[in-house]
2 protein chains.
Amino acid sequence: MDLFWSRGYNRTSMRDLKDATRLNPGSLYAAFENKQGVFTESLGLYSRGLRREVESLLGGNDAPLDRIRRFFDNLVEGSHQDKESRGCLLVNTLIEAPADEPEIRAQAGEALQYVERRFETLIAEGQRDGSIQSQRPAATLARTLMTGIFGMRVYSRMPDGLDHIREIVNTLIDGTLAPRTN
Amino acid sequence: MDLFWSRGYNRTSMRDLKDATRLNPGSLYAAFENKQGVFTESLGLYSRGLRREVESLLGGNDAPLDRIRRFFDNLVEGSHQDKESRGCLLVNTLIEAPADEPEIRAQAGEALQYVERRFETLIAEGQRDGSIQSQRPAATLARTLMTGIFGMRVYSRMPDGLDHIREIVNTLIDGTLAPRTN
DNA sequence: TACCACTATGAACGGTCGTTCAAATAAAGA
DNA sequence: TCTTTATTTGAACGACCGTTCATAGTGGTA
């Protein structure tokens, strides 16, 4: 998983995987069928980790907006820690996976949709207590946040991009979720 | 360029390029030095095209906000036309290019920064006439728009993602640029 | 027409890719 | 302890990778 995360699918070879797992080709193929199998399993592992993290960050009893902020704070923090700038394996996969292999794209997409759904219920909650704007449906706001996450993942790779994601997050969350008085 | 755009750098082979250009290896190498040279040239060609398009879409005498809207309308329209879902070559490159080849990442990043700068001056103009919010610096708002563009490029690859980018764009532009009355 | 500088051609190279499989080793059952 | 069943091993395969280069061909000049 780490290898695919760092180098992407195409730049990771079976030899790399063999060295990293200390499994010889035969064992690797017995366990995973083929290279795509290893990748699929890696996506699964990553997705389960993401799920756990999302549950922990978006859970709790704080106000919905605070929990969302906590999530994005963690994202910004993580981006700065990410010295290899590997970004998010699922986002990378969505971009790298060719259009002619839709099942991989779907797998990455579904894992991300879980996050989106989690955002949506949280936003709906905030809309009910008035702490989040109700001009637009919760689903739309959730999708906009997801787009923001994806965008940050790319922006982090821009020259000096990391220097600005903090303010981008603030602008995005405030602009998208804050109650509007017009 | 089309090949790299559709398949990415790693999945495009010199054989593919030879067939597409109808240039034999020797000629290809004489003209471009090597595969990376072809790619660099492709990035350049793409960037010049983007530049032209940005100039045309963001130019004119309409209100700044309308010109920005025109740009995003075009982006949404283009995404729906993009049957192969190739997205943006520069964004794809930013994600696919490994961290250990920074000059390619930089080339893609600089081309995108041109768009960002264009946004920034336009936003500053809108801030002066009050049609765009002034709570945050134009540079920050421009970066947030860029993040939105990048995010849409990814979101388009989500399952049914294309069905929602219209509303995402509206939410993003409105939330980011509209004057705030608090 | 004869020469020359230049370009195009495509076979060939060493290397790496994903994958297979017969043989060696280990584990389990009798 | 001996036989049987799993698992591990790593050499080997054909295909394709990016790249090179001797050779053939072309267009311009004298």
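So you know, we letter chains A, B, ... as the sequences are listed, proteins then strands, and number each from 1.
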Inset, instruction - Ignoring the backbone of B:Lys35, work out which of C:dT9, D:dT19, C:dT19 is nearest its side chain. - result: D:dT19

Inset, instruction - Please determine if B:Arg166 and B:Asp73 form a salt bridge, counting it only when a charged side-chain N lies under 4.0 Å from a carboxylate O. - result: yes

Inset, instruction - Using whole Å, report how far CZ of A:Phe32 lies from P of C:dT19. - result: 14 Å

Legend entry - Atom-to-atom span, CD of A:Glu33 to P of C:dG18 - whole angstrom: 16 Å

Inset, instruction - Just call it for B:Ser13: base, sugar-phosphate, or nothing, with non-hydrogen atoms closer than 4.0 Å on any strand. - result: sugar-phosphate

Inset, instruction - Would you kindly give the OH-to-P distance between A:Tyr29 and C:dT19, to the nearest whole Å? - result: 4 Å

Inset, instruction - Check for a donor-acceptor pair, side chain of A:His164 on one end and backbone N or O of B:Thr140 on the other, with a separation under 3.5 Å. - result: no

Inset, instruction - Identify which nucleotide among C:dT9, D:dG18, C:dT19 has an atom closest to any side-chain atom of A:Pro25, counting heavy atoms from C-beta outward. - result: C:dT19

Legend entry - Nearest-Å distance for atom pair CG/C1', residues A:Asn10 and D:dC17: 13 Å

Inset, instruction - Check whether any side-chain N or O of A:Asn34 sits under 3.5 Å from a backbone N or O of A:Gly37 as a donor-acceptor pair, and report yes or no. - result: yes

Inset, instruction - Round to a whole Å and report the spacing from CD of B:Glu101 to P of D:dG18. - result: 13 Å

Inset, instruction - Taking only Lys NZ, Arg NE, NH1 and NH2, and the carboxylate oxygens of Asp or Glu, determine whether B:Arg69 and B:Asp62 approach each other closer than 4.0 Å. - result: no

Inset, instruction - Using the closest heavy atom to pick a nucleotide of DNA chain C for each, name whichever of A:Arg15 or B:Leu23 lands nearer the 5' end. - result: B:Leu23

Inset, instruction - Rounded to the nearest angstrom, tell me the gap between atom NZ in A:Lys18 and atom C1' in D:dG10. - result: 8 Å

Inset, instruction - Rounded to the nearest angstrom, tell me the gap between atom CZ in B:Arg22 and atom P in C:dT9. - result: 11 Å

Inset, instruction - Please lay out, stage by stage, how A:Asp16 and A:Arg11 fare under the test salt bridge (charged side-chain N to carboxylate O under 4.0 Å, His left out). - result: CA-CA 9 Å; A:Asp16 295 335; A:Arg11 292 173 55 91; over 6 Å; no

Inset, instruction - Please state whether the phosphate of C:dG18, meaning OP1 or OP2, lies under 4.0 angstrom from any side-chain nitrogen or oxygen of A:Asn34. - result: no

Legend entry - Which residue lies more 5' along DNA chain D, comparing B:Arg11 with B:Ser27 via nearest heavy atoms: B:Arg11

Inset, instruction - May I have the distance from A:Leu28 (atom CG) to C:dC21 (atom P), rounded to whole angstrom? - result: 17 Å

Legend entry - Below 4.0 Å: OP1/OP2 of D:dT8 and any side-chain N or O of A:Asn24: no

